[in-house]
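A quick write-up on the structure given underneath.
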Amino acid sequence: MFCILDEFCKNLDAELTKNLHIAPIDEGYKRMRNRKGQMAKSEIMTILLCYHFGSFRNFKYYYLIFIKGHLASYFPKAVSYTRFVELMPRVFFDLMAFMCIQGFGKCTGISFVDSTMIPVCHNMRRKFNKVFDGLAKNGKGTMGWCHGFKLHLLCNEMGDVLTFYLTPANVDDRDPWVWQVFTKVLYGKVFADKECYIKQEFLENLFNQVILLVHGLKSNMKNKLMPLWDKMMLRKRYIIECINELLKNKANLVHSRHRSVHNFLMNLCTALAAYCFFENKPEALPVRIEKSRQLEPF
């Protein structure tokens, strides 16, 4: 993992340096110092991503005991915990670039969409939360009410995340800002939950962009014909449900110990980047339907 991240950071820095325009000092511009830090960006990114693979639930304990203790020979220039927390936002741009360029998958014409709640505190303490004051909202999901944010995910049938969008918890799944980001990487068929994405105007808008949204039928809706292949693929929606479970239970995406908005965003991005290296990604079994004339009239 370190070799992949280090190679990417070197190529990215070389590309940015090649296209960097230095402002002339004669016109009154001030040049910023660009000294190399004690720890490389790839080392910081590796430490952040490895946290989401183990069984640690506390990042401070993970850094002080595991990184500076057991892995001291791998990171001989590891800084103090307080300094490392200050260095974390410096790799945000590199981390997002890595996910968009190399980490995320490609659309294959078969995509699955879903959203999951990310609570930032217990419901009883939502009025006393000061870290996300004005940002986190109250929203209702399938598991009840929560105070926090909502993560909208898009993946393909191989379990690779295509893109994501973070909104407050009270934003609808059919929000145009969300799908304005999704449609940039989408084509073909998108399989969604029947509870959230049923709206005629919304379906027609996607159909005009050559995107077919396939969803199930509620019990109070009129029955309609659906191709057998679409019915089989609707049963494969467990893929994105498994991704949400891996992010929450294994990657430690949800916890109530955030002390700043920057740390919350870094925890979200590092969890998604760490998922790109997971070996146990959920994957749909191939579906093949034989052409038969058995049900045709004589």
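The figures that follow rest on heavy atoms only: side chains count, while hydrogens, waters and symmetry mates do not. Since this is a predicted model, take the numbers as computed values, not measurements.
Taking each heavy atom of Asp94 and Phe8 in turn, the nearest pair found is O-CE2, 3.7 Å. Taking all atoms of both residues into account, the shortest heavy-atom contact from Gln180 to Thr183 is O-OG1, 3.3 Å. Minimum interatomic distance between Asn156 and Ile239 (heavy atoms only, all atoms of both residues): O-CG2, 4.1 Å. A pairwise comparison of heavy atoms in Val214 and Leu234 identifies O-CD2, 3.8 Å as the closest pair. Taking every heavy atom of both residues into account, Val113 and Ala192 meet most closely at CG1-CB, 3.5 Å. Between Ala78 and Met39 the shortest heavy-atom distance is CA-SD, 3.8 Å.
Taking the ring axis of Tyr275 as reference, the NZ or CZ atom of Lys281 stays within 45° of it and closer than 6.0 Å to the ring centre. A cation-pi arrangement is not found for Lys41 relative to Phe93, the charged atom failing to lie both closer than 6.0 Å to the ring centre and inside a 45° cone about the ring normal.
Side-chain rings of Tyr63 and Tyr51 stay apart, their centers remaining 6.0 Å or farther from each other. Ring centers of Tyr81 and Phe84: at least 6.0 Å apart, outside the cut-off. Aromatic rings of Phe53 and Phe278 (six-membered ring for Trp) have centroids within the 6.0 Å cut-off, being under it. A distance below 6.0 Å separates the ring centres of Phe132 and Phe149.
Criterion: ILVMFWY side-chain heavy atoms under 4.5 Å apart, direct or through other members. Under it, Met117 and Ile243 are not part of a common hydrophobic cluster. Taken together through direct or relayed side-chain contacts under 4.5 Å among Ile, Leu, Val, Met, Phe, Trp and Tyr, Val171 and Trp145 form parts of separate hydrophobic clusters. A continuous path of ILVMFWY side-chain contacts below 4.5 Å connects Tyr165 to Leu213, so both sit in one hydrophobic cluster. Taken together through direct or relayed side-chain contacts under 4.5 Å among Ile, Leu, Val, Met, Phe, Trp and Tyr, Trp229 and Phe112 form part of one hydrophobic cluster. Taken together through direct or relayed side-chain contacts under 4.5 Å among Ile, Leu, Val, Met, Phe, Trp and Tyr, Val79 and Phe66 form part of one hydrophobic cluster.
Using a 4.5 Å heavy-atom threshold, the side chains of Asp172 and Val178 count as separate. With a 4.5 Å cut-off on side-chain heavy atoms, Phe164 and Leu154 do not count as touching. Between Trp179 and Leu186, the closest side-chain pair of non-hydrogen atoms falls below 4.5 Å. Looking at Leu212 and Val190, their side chains never come closer than 4.5 Å, going by heavy atoms from C-beta outward. Looking at Ser42 and Phe2, their side chains come closer than 4.5 Å, going by heavy atoms from C-beta outward. Using a 4.5 Å heavy-atom cutoff, the side chains of Leu162 and Lys106 are not in contact. Proximity of Met266 to Val91: side-chain heavy atoms (C-beta onward) are separated by under 4.5 Å at one or more points. Side chains of Met88 and Leu48 form a contact here, defined as non-hydrogen atoms less than 4.5 Å apart.
With respect to Arg83 and Glu86, a salt bridge is recorded, a charged nitrogen being found less than 4.0 Å from a carboxylate O. Using a 4.0 Å cut-off between charged side-chain N and carboxylate O, Asp173 and Lys150 make a salt bridge.
Side chains of Lys189 and Ser111: no donor on one and acceptor on the other come within 3.5 Å.
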Quick one: do His52 and Asn267 satisfy side-chain contact (heavy atoms from CB on, under 4.5 Å)? Show the steps, please. CA-CA 9 Å; His52 299 281; Asn267 183 71; 3.4 Å; yes
Carefully, step by step, assess Asn263 and His258 under the rule side chain to side chain donor-acceptor pair (under 3.5 Å). CA-CA 6 Å; Asn263 291 344; His258 298 294; over 6 Å; no
side-chain contact (heavy atoms from CB on, under 4.5 Å) between Gln102 and Ile4, intermediate numbers included: CA-CA 10 Å; Gln102 193 170 347; Ile4 295 175; 3.6 Å; yes
Could you go step by step and tell me if Thr270 and Leu95 meet the side-chain contact (heavy atoms from CB on, under 4.5 Å) rule? CA-CA 8 Å; Thr270 52; Leu95 194 62; 3.5 Å; yes
Output, in order, the C-alpha distance, side-chain angles, deciding distance and verdict of side-chain contact (heavy atoms from CB on, under 4.5 Å) for Glu157 and Thr108. CA-CA 8 Å; Glu157 78 279 6; Thr108 60; 2.6 Å; yes
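Atom SG of Cys50 and atom CD1 of Ile67 lie 6.5 Å apart (nearest 0.5 Å). With values rounded to the nearest 0.5 angstrom, Leu16 atom CG is found 10.5 Å from Cys9 atom SG. To the nearest 0.5 Å, atoms NE2 (His122) and NE2 (His147) are separated by 13.0 Å. Here the CE atom belonging to Met1 is positioned 5.5 Å from the CZ atom belonging to Phe277, to the nearest 0.5 angstrom. Distance check: Leu268 CG to Leu247 CG gives 8.5 Å after rounding to the nearest 0.5 Å. To the nearest 0.5 Å, the span separating NE2 on His255 from CG on Leu253 amounts to 8.0 Å.
The side chain to side chain donor-acceptor pair (under 3.5 Å) check on Lys140 picks up nothing, with sequence neighbours excluded.
A donor-acceptor pair is defined here as one N or O able to donate and one able to accept, closer than 3.5 Å; such a pair exists between the side chain of Asn244 and the backbone of Ile240. Formation of a donor-acceptor pair under 3.5 Å by the Arg126 side chain with backbone atoms of Asn123 is found in this model. Checked by atom type and distance alone, the side chain of Asp114 never pairs as donor or acceptor with a backbone atom of Leu153 at under 3.5 Å. In this structure, the side chain of Gln209 does not engage the main chain of Leu206 through any donor-acceptor pair within 3.5 Å.
The only member of Tyr61, Phe56, Tyr62 that meets ring-ring contact (aromatic ring centres under 6.0 Å, His included) when paired with Phe59 is Tyr62.
Aromatic ring pairs are classed by plane angle as parallel below 30°, tilted from 30° to 60° and perpendicular above 60°; the pair Phe182 and His152 is perpendicular.
Within a 6.0 Å radius of CZ in Arg57, other residues, nucleotides and ligands contribute more than 12 heavy atoms.
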